[in-house]
Peer 1: 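Handing you this structure, nothing more for now.
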Amino acid sequence: MTNPPDPSRAPFSRIKIRVGALVFCGERVALIRRDRPDSVHYTPPGGNVEPGEDLEVALRRELEEELALDPAEVGSPELLWVVDQRQLLLQFAPEAMRSRAAP
């Protein structure tokens with residue numbers, strides 16, 4: 001039997017928000033090797049967003065952690081996408097996001 005929901009937990013508190021990037025150097029793409037017990041996966045650099053962290057700040061932090069890229073040298077992303085648990089894909093140009101956030 002499942003436990004009733006805990007009213008003290010925020011809605012969607014189990015959802016993890018992640019960022020990732022396709023980083024090009026000429027015609028090459030940076031990938032991170034992720035060793036698993038029974039397999040090896042190669043994924044774009046990225047990781048979890050901390051609670052309250054801005055998506056672009058999180059992306060810069062992950063690129064610094066995984067690729068040793070200086071955040072000051074990383075340009076703005078050209079495309080941001082959001083995938084929810086139902087696999088709905090939403091795409092935004094960063095400029096459009098900034099104009100929506102402006103009062």
Peer 1: Is there a continuous path of hydrophobic side-chain contacts, each under 4.5 Å between heavy atoms, that joins Val49 to Leu67?
Peer 2: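 Result: yes, single cluster for both.
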
Peer 1: Quick check on the hydrophobic clustering: are Val23 and Val57 connected, directly or via other members, by side-chain heavy-atom contacts under 4.5 Å?
Peer 2: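 In one cluster with Val23: Val57, no.
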
Peer 1: Give a yes or no on whether the backbone of Gly46 and the side-chain of Glu66 come within a donor-acceptor separation of less than 3.5 Å.
Peer 2: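 Confirmed, Glu66 side chain pairs with Gly46 backbone.
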
Peer 1: Over all heavy atoms of both residues, which pair between Leu55 and Ile17 is shortest? Give the atoms and the distance, please.
Peer 2: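 Answer, listing the atom of Leu55 first, then Ile17: CD2-CG2, 3.9 Å.
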
Peer 1: Output, in order, the C-alpha distance, side-chain angles, deciding distance and verdict of side-chain contact (heavy atoms from CB on, under 4.5 Å) for Arg18 and Asn48.
Peer 2: CA-CA 4 Å; Arg18 298 179 53 83; Asn48 293 329; 2.9 Å; yes

Peer 1: Using 4.0 Å as the upper bound for N to carboxylate O, is an ion pair formed by Glu64 and Arg60?
Peer 2: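 Salt bridge absent between Arg60 and Glu64.
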
Peer 1: Please tabulate, one pair per line, all N/O donor-acceptor pairs under 3.5 Å involving side-chain atoms of residues 26-33, not counting sequence neighbours.
Peer 2:
residue : atom : partner : partner atom : Å
Arg33   : NE   : Asp35   : OD1          : 2.8
Arg33   : NH1  : Tyr42   : OH           : 3.3
Arg33   : NH2  : Asp35   : OD1          : 3.3

Peer 1: Output all residues satisfying salt bridge (charged side-chain N to carboxylate O under 4.0 Å, His left out) with Glu53, sequence neighbours left out; order by chain, then residue number.
Peer 2: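 Per chain and number, Glu53 pairs via salt bridge (charged side-chain N to carboxylate O under 4.0 Å, His left out) with Arg61.
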
Peer 1: Looking only at heavy atoms, which two atoms of Ala21 and Leu63 are closest? And how far apart?
Peer 2: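 Heavy-atom minimum between the residues: CB-CD2, 4.1 Å.
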
